[in-house]
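As the structure lists them, so they are numbered: ligands from 1, and atoms in each ligand from 1.
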Amino acid sequence: MNRTAFHLRPEAADFDPYVPGLSVAGVRERFGLSTVIKMAGNENPLGISPAALEAVRRNAGLGFRYPREGNPDLVAALAAHYSLPEQRFVPGNGSDEIIDLLLRVCPVPGRHNVVASRSSFSMYRVLSRLCGVEFRSVPRREDFSFDIPGLAAAADDRTALLFLTMPDNPSGACPERAEVEALARRLPPSCLLVLDEAYIDFCVDPEAQSFLRLLDEFGNVAVLRTFSKIYGLAGLRLGCGILPPALAAVLRSVHMPFSVNTAAEAAGIAALGDRAFYGETRRVVAEGRTLLHKELSALGFVVYPSQANFLMFRPGTEHSLNAAEIFEGLLARGVIIRRLASYGLEEYLRVSVGTERENKEFIRYIRELCI
Ligand SMILES: *Cc1c(COP(=O)(O)O)cnc(C)c1O
């Protein structure tokens, strides 16, 4: 409990914050290492798109100007890219900002609730709690997949938002679109189904797996997209909500002005047009994911099938080290992966797919630790 002399909302005083992965600089300092490989944040292994970098450089001189309110150029580019009306799009300072806005705009604290699967992306829970909104977490099935009927059953006419991540973070599994459609049909019309498609572009067939093409059929579904993963802009902070138009209008009216900065807007527009970088990222991730899955399985780890740019795994019965020891052992060798203890998964680890060289180094070190 943080004690101060000031008035504080109990939700803030008792706040259980989002736990980020470790940073390269932090690990360098702690272990006195010169090179550190980060495979923890699901960032793009190829870095920033060259077209986006060029756009940031070209627009750097505009840093003294406020961006245009509502980022109309970006909204137009998004609408054209996804062939959907501009009225649906709300850009944000990362898709985290859209999650935050939805939680502040939709549920009334003390009256409404929010539903998500247990051990999901923690921002849904963290921000619900900060808003003082009841958060219902629904257990998963034995194989870690979403219990879609269980989620539907947990929602009632006081459920404002139901979050579903597709593909899932941290497991990488992608629910069948037919199942998601059935869920959308079962929910009360007052409940917004929020499909977080942060990793959809790493799926085998993003067009077929995404819900975007179905939005017109469903008045109660929203999709979140981010530029932090496939577009390589995690540090510039850019994401968007693709929402029912009336709700988009509310978010646009209440959001913090200028939350999407000039550099992020220019980079986002350029990244959407950089199809070569998009395709190359998909290729590198698909190949790396296959390699990591094969090698980790060969070392006796239990590896979960993933359609995203990371793999969840846990030590098998023959391993003498537990997840925390493997994590620490890799850290001491300069490789940062993600422990999933903060997701409530004490014995699980998650590794982001890196470059070919990074994947090989990671496998070399984890093999060293395990024999
Ligand atoms: C990384 C991630 C996001 C993206 O967050 P940004 O704020 O856009 O960087 C959203 N949802 C999930 C599930 C994620 O893993």
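Contacts of N169 with ligand 1, taken as heavy-atom pairs under 4.0 Å, involve the side chain alone. When heavy-atom distances to ligand 1 are checked against a 4.0 Å cut-off, S95 comes that close through both its backbone and its side chain. Contact annotation: for M123 versus ligand 1, there are no heavy atoms closer than 4.0 Å. Residue K229 touches ligand 1 through its side chain alone, judged by heavy-atom distances below 4.0 Å.
The closest non-hydrogen atom to atom 12 (C) of ligand 1, taken over I99, N93, D96, D196, comes from D196. For atom 15 (O) of ligand 1, the choice among F310, F163, F121, Y199 with the nearest heavy atom turns out to be Y199.
Counting only residues at least two apart or on different chains, the ring pair (Phe, Tyr, Trp, His ring centres under 6.0 Å) pairs with a member in residues 166-225 are Y199-F310, F211-F218.
Distance from atom 9 (O) of ligand 1 to its nearest protein heavy atom, with residue and atom name: S228 OG, 2.6 Å. Atom 7 (O) of ligand 1 has R237 NH2, 2.7 Å as its closest protein atom, hydrogens excluded (heavy atom only).
For the residue pair R350 and N169, a side-chain donor N or O sits within less than 3.5 Å of a side-chain acceptor on the partner.
Not a single N or O atom of N42, backbone or side chain, sits closer than 3.5 Å to an N or O atom of ligand 1. Of the N or O atoms in T165, none lie within a sub-3.5 Å distance of an N or O in ligand 1.
With F313 as reference, F301 is the one residue of Y348, F301, F327, F144 to meet the ring pair (Phe, Tyr, Trp, His ring centres under 6.0 Å) rule. Only one option out of T165, I98, I200 pairs with L224 in a side-chain contact (heavy atoms from CB on, under 4.5 Å); it is I98.
Between E265 and R68 there is no salt bridge, since no side-chain N of the basic residue sits under 4.0 Å from a carboxylate O of the acidic one. By the 4.0 Å N-to-carboxylate-O rule, R225 lies close enough to E197 to be salt-bridged with it. Residues D205 and R177 are not paired through a salt bridge, judged by the lack of any N-O separation under 4.0 Å between the basic side chain and the carboxylate. Taking 4.0 Å as the cut-off between side-chain N and carboxylate O, R237 and D96 count as a salt-bridged pair.
The contact set between ligand 1 and T226, taken as ligand atoms under 4.0 Å from a residue heavy atom, comprises 4 (C), 6 (P), 8 (O), 9 (O). With ligand atoms numbered from 1 in the order given, ligand 1 contributes 6 (P), 7 (O), 8 (O) to contacts under 4.0 Å with heavy atoms of G94.
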